[in-house]
Amino acid sequence: MSSTAPAAVAAPKKARAAKKATPSKDAAPKAKRGESQRYKYSELNKASLTSGEAQHIYGVIIDATFPYKTNQDRYICSLKIVDPSLYIKSQKGTGDSSDFATVVLYAKRFEDLPIITRLGDIIRVHRATLRLYNGQRQFNANIFYNSSWAVFPQEGAGHGGASHSGKNYSFEKSEDATLANIRKWAQGYFQQYNVVSSDLYVPLAKAAGQKSDFDVVAKVNQVFELDEYTNELRLRDGSGAQTWNVLALKLKFPNVHAGDVVRIRSATYDETSTQKKVLLLSHYSNILTVPANSKLAKEVKAKAGDEKLDKAAINGVNATVLTEVDKKHAGLPVHSLLDLFHNIETDKEIQSKDTFRTQFYVTKIESADVKEWTKSYDKKTKKGASFKGQKGNANAIYQVQFLVKDVSTQFNSNTYKVLLYTHDGLGANFFNTPADNLYTNDKAAKKLQEYSGLLTKFNSWVDAVVERRNGFYFIKDTKIAF
Amino acid sequence: MSKPAAQQSAFKQLFTEMLTQGGDFSKVNKDLKRPLKTYVKESYPFFLVTDGYFFVQAYFTKEAVAEFRSKFNNVNITDLHDRVIVLNSWSLEIRKVNSAETFTSYGNLEIRLIVNSFKPNLNERLNPTRYPINLFRDDELKTQIQQFRWNAINAAAGKAKSEIPDLARVQTASKGKVEGIVKIGSSKGDDFAEFSFKEGTTATLSLKDIFVQEKGKDASPAKDTTAVPKVKGGAKGKGKAAQKSAEKKAAGVSKSAEKVLKYTPSKSVAKKETPQKGAAGKQSAKKSVGGKKATPAMPSPGGKKSIKTTDQMSMNQFKKYLDWHEAKKGGKTIGKRSTTGKASTASGKASKRSKK
DNA sequence: GGGTTTTGGGG
């Protein structure tokens, strides 16, 4: 959970027993004894189109598909890369746009291909053949034969964070400079250029008009856990008022976070979604994070803006989180109700903590009568008394119980108590109105009645920090956001 | 403010209404219950039909299979992939399943398309549509199912009895015990099961059995993909009744209302003779007769792999194998049942789509 | 290769 060097490339899955692992044929070209450099890397725009010889290259990744299966024994990963010799093309009228070479990696197994998660990562390919395909320089590499690849995160130094194909990974001393140089260049490139020019994606406002698939560059405004397998990404790019939804499998895209700017390689407009705006992904679709400090990310973030919570929009169509947590808990790890109420029985880690961030929906609020949500609390006797028939609001506190449920407990027949008891001050601001005698304060009662209704609606969610005291969970540092 | 936005997908509209009607098919709008013209995306090991947007699994009753066998003796159900079929009598029912095992379900609920009577439109080709996706992975349908579950959970929670711990109690040390688990509903197991809908019970044939009937016991990928029956789908009175009423309703329909077509975007209204792009491509690749001998170079699928037995073929290879095999035999449009072995069609010429 | 598998909620 530490935010050190961003994992640039997902580690390849452990090889499975089935198909034989790719033969490790990365043994360097017959280097003459004493020769220090066995691989010579070609600049993308200078690599020979005519030699037909296998060539070695370094490039900065600006796009990539997810590794996908095409038939029984073939997987492909296709990417766009740039380097100082090939990154921009002048266009009359429309201005400059990205230029790039494509790399097509072929493999027998999913595990033999790279999973690219960030723009700006560096890829090295050995023994690729270059040809012109649709006017583009295309490097083809048969990983299933004797080609190989290695991916280095843009962040960081050296080749320590590399992931690679095969078992015979090598990194020569002379490459230190090669890698450092291209990293440095990429750094500047991402800060001065948009990297992916506007002809390489479509503004969300024009998504509905697309006839086939297209790419997107947008800010992830929210990552909502739809179910145990799926996140629903809420995207905005400032091209329209709409927020777009994309279902992204947790396993496939584990590194997408709220606030990120991402590039989606291949999405289609969903004509069948009539309640909300939805984009569809395919098995070859990929979601790549755009470096936060890049020019492009900054611009998109500035344009996208936040979607304000609108009471009228709490209609069940879109899952809505009604609360907000104090920023001081931004780094607090999230735990499910399963952790809080069940796994705690055996999990020492959970037992050792008492404060958690958690998300749930409310099936029932008690007391049923909103006017009884507050009590007059006697600290000495530790008793609360109803305000019914009473005047004044002496020692008013909230004493409310939520019966809640979440994704991790969706199939069981339990509901869980989460308390909003403010006798010690915890959660005192949850309802945005101080505890009061609700038999006399009609305005407050009315407001709470409205909250009660909205909190218990279908698809209303609470994102909260809870603290365990004496075996009970109490809400704190959380409040309704409207 | 918000536009009506008609639902273009027949399946999505139907399945959604099934959910909003509490799982009661009899309450689903009658206008939606006309015959469905569907494209068979896959016919084995899963029989998946599409409406141009989504695919769902089709479940055949034994009556449906018996009728099909008698009327289309020369056609195998498990060879129907890439063909058009019309579901003349069908119904929907909800089943409790394990969604970890049944990919055509969500939230442990499966809405099944039960087929009582259907026929193939062997020479009909549909226009290309978007790549059909699993309806149970659709954002809005998932949400609909979540709502369906929420309704039940909410009702049960409303009845649940729970105490609000008093202020003294929550300030008393609790010997490490965690407080607050409240059971709702009266189900015996751990799973929530307090649903009010009546679960479907219509008995259907497993596709594997159908496959074995058609190809013989050792034809090859005789996988049983029957979704690990939690409760065996026994034929019950209710199921029959629903089935019958469905049949009755569809009985008078002779004009073959093309429900799906109604939802086909105008630009791509199905034209009978227009070959599908993709399909055409496949066909030609396979068709390319070298033009020399009578039974010339029709490349066998699998190419260099030289497959001898069907035992370890992938489904894809297997499908191609079947197509190729049939084409070579000539005549039979779609695989003939292995058991009833008279390959009629005297011509023996290289295949063409047979007329029905 | 700007694509479509099944592992049928990475593929």
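Letters go in sequence order (proteins before strands), and every chain restarts at 1. Only a predicted model underlies this, so the values are computations on that prediction, with no experimental measurement involved.
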Open item on the list: Taking the minimum atom-to-atom distance to the side chain of A/Lys80, which one of C/dG2, C/dT5, C/dG10 wins?
Closed with: C/dG2
- [ ] Write down the distance separating the C1' atoms in C/dT5 and C/dG11, rounded off to the nearest Å.
- [x] 7 Å
- [ ] Measure from the side-chain heavy atoms of B/Tyr131 and tell me the nearest of C/dG2, C/dT7, C/dT4.
- [x] C/dT4
- [ ] Please measure how far the P atom in C/dG3 lies from the corresponding atom in C/dT7, and state the result in whole Å.
- [x] 25 Å
TODO: Among C/dG2, C/dG8, C/dG10, find the nucleotide with the atom closest to the side chain of A/Asp63.
DONE: C/dG2
Open item on the list: From C-beta outward on A/Tyr284, which listed nucleotide comes closest to its side chain: C/dG3, C/dT6, C/dG10?
Closed with: C/dG3
Task: Span that lies between the P atom of C/dG1 and that of C/dT6, in whole angstrom - done: 15 Å
Open item on the list: Centre-to-centre under 6.0 Å for B/Phe11 and B/Tyr53, is that the case here?
Closed with: no
Open item on the list: Using a 5.5 Å cut-off between ring centres and planes within 30 degrees, is A/His283 stacked on the base of C/dT5?
Closed with: yes
Task: Minimum-distance nucleotide (side-chain atoms of A/Ser282 versus C/dG8, C/dT4, C/dG11) - done: C/dT4
- [ ] Please state the C1' separation for the pair C/dG10 and C/dT4 - nearest whole angstrom.
- [x] 15 Å
Open item on the list: Nearest to the A/Arg265 side chain among C/dG10, C/dG3, C/dT5, which nucleotide is it?
Closed with: C/dG3
Task: Whole-Å distance separating the CD atom of A/Glu225 from the P atom of C/dG9 - done: 17 Å
Task: Ring-base stacking, A/Phe66 with C/dG10 (5.5 Å, 30° cut-offs) - done: no
TODO: Could you please name the option among C/dG9, C/dG1, C/dG2 that lies closest to any side-chain atom of A/Gln138?
DONE: C/dG1
Open item on the list: With a 6.0 Å cut-off on the ring centroids, do A/Phe66 and A/Tyr284 count as close?
Closed with: no
Open item on the list: Does the structure show A/Tyr229 stacking with C/dG9, if we require the centres to be closer than 5.5 Å and the planes to be within less than 30 degrees of parallel?
Closed with: yes
Task: Test of ring centre spacing under 6.0 Å for B/Tyr106 and B/Phe136 - done: no
Task: Residues in side-chain hydrogen bond (donor to acceptor under 3.5 Å, both in side chains) contact with A/Ser78, at least two apart in sequence or another chain - done: none
Task: Pairing residues for A/Asp406 by the salt bridge (Lys or Arg N to Asp or Glu O under 4.0 Å) criterion, not counting sequence neighbours - done: none
Open item on the list: Please pick, from C/dG9, C/dG1, C/dG3, the nucleotide with the shortest atom-to-atom distance to any side-chain atom of A/Asp227.
Closed with: C/dG9
